[in-house]
Number of protein chains: 2
Amino acid sequence: MQKGKEEICEITFIDRKKVSSVKKKMKPEATMQSLAETFKVLGDPTRTKIIFALSQEELCVCDIANLLGATKSAVSHQLRILRNMRLVKYRKEGKMVFYSLDDDHITNLFSECLRHVEEYD
Amino acid sequence: MQKGKEEICEITFIDRKKVSSVKKKMKPEATMQSLAETFKVLGDPTRTKIIFALSQEELCVCDIANLLGATKSAVSHQLRILRNMRLVKYRKEGKMVFYSLDDDHITNLFSECLRHVEEYD
DNA sequence: AAAATGATTGAACACTTATTCAACTATAAT
DNA sequence: ATTATAGTTGAATAAGTGTTCAATCATTTT
């Protein structure tokens, strides 16, 4: 077992040049976390559907719940997450609350991924 | 409480025109699931970093583990998930296994999201 | 053949998370 | 004011997930 290692793991063979080259290109930890978090928020079927629906029309919670076949509560919980991530915004009109997308980037991201998914099988 | 409802939830007020209009535009359930699943796979920091690293260079498991400061085991587990989703491919060379990206779409998706993340705060 | 090593795997564990249920708020209608 | 309803919220529960640890496989080296 050769000497000279770092980090947590018991690594014994590394292409140091390659690794340090890639290491330089790596984004900061915080950026990576944000990146992962953004994908994660989009990575739940209920939220995926909500965002797709809102990309078509401004909708109230009831409409969304009806559209997805989910309870208002479940939808509301998910909307809160999307709100916290600033992916959706809302507008109150009497008793009702209308939601719409707050971020054009997401629409692009979405259609890009949709293209990917629809292409393969 | 007015009559005429469908689905699971106790919905009493819906803009039926809007809802059915959006319903028509909705993608099939399977498509939505794939979409969500794809985002989900990208939505873990370890996998995010692996994919970013592989977008720069072909790397073996040890190199990736060293780069991320994770154990080989943890990396291997995540690589299996990425393999199953056909996001990475591998090449054996002796004892070592070299991984690389298997999908150009993901790179686009990735840089699109990165642009989004780096733009806001 | 035996030892060493890169990599994979399964089980266990701690942690996260999505939905449900019930209670609650706020607005509108009677 | 009372009732009804759109929506939110917190707690509880069940399901899912990432890492670690130990064992194992596969290939190379001695």
Side-chain angles (χ1 to χ4, degrees), chain A residues 1-3 5 7-15 19 32-33 36-37 39-50 58-85 88 90-99, chain B residues 1-5 7-15 19 32-33 36-37 39-50 58-85 88-99:
Chain A
M1 183 138 170
Q2 69 187 55
K3 280 273 298 291
K5 18 180 324 304
E7 311 294 346
I8 295 165
C9 80
E10 14 44 60
I11 290 162
T12 54
F13 186 93
I14 315 160
D15 187 330
V19 170
M32 286 301 194
Q33 291 293 334
E37 203 182 348
F39 281 126
K40 192 172 173 184
V41 171
L42 301 175
D44 170 76
T46 302
R47 290 193 293 267
T48 307
K49 290 172 195 168
I50 291 176
E58 182 193 57
L59 293 166
C60 68
V61 178
C62 256
D63 285 346
I64 298 171
N66 182 266
L67 201 56
L68 307 195
T71 62
K72 281 184 298 183
S73 179
V75 170
S76 188
H77 276 297
Q78 298 305 334
L79 281 169
R80 184 165 49 108
I81 294 173
L82 296 174
R83 236 163 40 217
N84 290 344
M85 290 289 289
V88 302
Y90 64 96
R91 171 175 75 80
K92 292 193 72 171
E93 190 175 316
K95 278 186 294 190
M96 304 175 74
V97 181
F98 288 93
Y99 282 87
Chain B
M1 181 138 172
Q2 71 188 51
K3 282 273 299 289
K5 17 180 322 306
E7 311 295 345
I8 295 165
C9 81
E10 14 45 60
I11 289 162
T12 55
F13 186 92
I14 316 161
D15 186 330
V19 171
M32 286 301 194
Q33 291 293 335
E37 203 181 349
F39 280 125
K40 192 174 176 182
V41 171
L42 301 175
D44 169 75
T46 301
R47 291 192 293 266
T48 308
K49 291 171 195 167
I50 291 176
E58 181 192 58
L59 294 166
C60 67
V61 178
C62 256
D63 285 346
I64 298 172
N66 182 266
L67 202 57
L68 307 194
T71 61
K72 281 183 298 181
S73 177
V75 169
S76 189
H77 276 298
Q78 298 305 336
L79 282 170
R80 184 165 49 108
I81 294 173
L82 295 173
R83 237 162 40 217
N84 289 343
M85 290 290 288
V88 302
K89 62 187 172 198
Y90 64 96
R91 171 176 75 80
K92 293 193 70 171
E93 190 176 317
K95 277 187 295 190
M96 305 176 71
V97 180
F98 288 93
Y99 282 86

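Everything quoted here is computed from the prediction, not taken from an experiment. Letters go in sequence order (proteins before strands), and every chain restarts at 1.
Rounded to whole Å, the distance from NZ on Lys92(A) to P on dG7(D) is 10 Å. Counting to the nearest Å, the C1' atom of dT27(D) and the CZ atom of Phe98(B) are 14 Å from each other. Here the C1' atom of nucleotide dT27(C) and the NZ atom of Lys95(A) are 7 Å apart, to the nearest Å. Atom-to-atom, CG of Leu82(A) to P of dT17(C) comes out at 14 Å; the value is rounded to the nearest Å. Going from atom CD1 of Ile64(A) over to atom P of dG7(D) covers 9 Å, rounded to whole Å. Between Arg91(B) atom CZ and dG6(C) atom P there is a gap of 17 Å when expressed in whole angstrom units.
Residue Val88(A) comes nearest to Leu79(A) through the heavy atom pair CG2-O, 4.1 Å, listed as atom of the first residue, atom of the second, then distance. In terms of heavy atoms, Asp44(A) sits closest to Ala36(B) at C-CB, 3.9 Å. Across all non-hydrogen atoms, the minimal contact from Leu68(B) to Thr46(B) is CD1-O, 3.9 Å. Across all their heavy atoms, Ala70(B) and Val75(B) have their closest contact at CB-CG2, 4.1 Å.
Residue Glu58(A) holds its CD atom at 8.0 Å from CD of Glu93(A), rounded to the nearest 0.5 Å.
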Scoring nucleotides 8-18 of chain D by protein non-hydrogen atoms under 4.0 Å (B base, S sugar-phosphate only, - none) yields BBBB----SSS

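At least one donor-acceptor pair under 3.5 Å links the side chain of Asp63(B) to the backbone N or O of Asp15(A).
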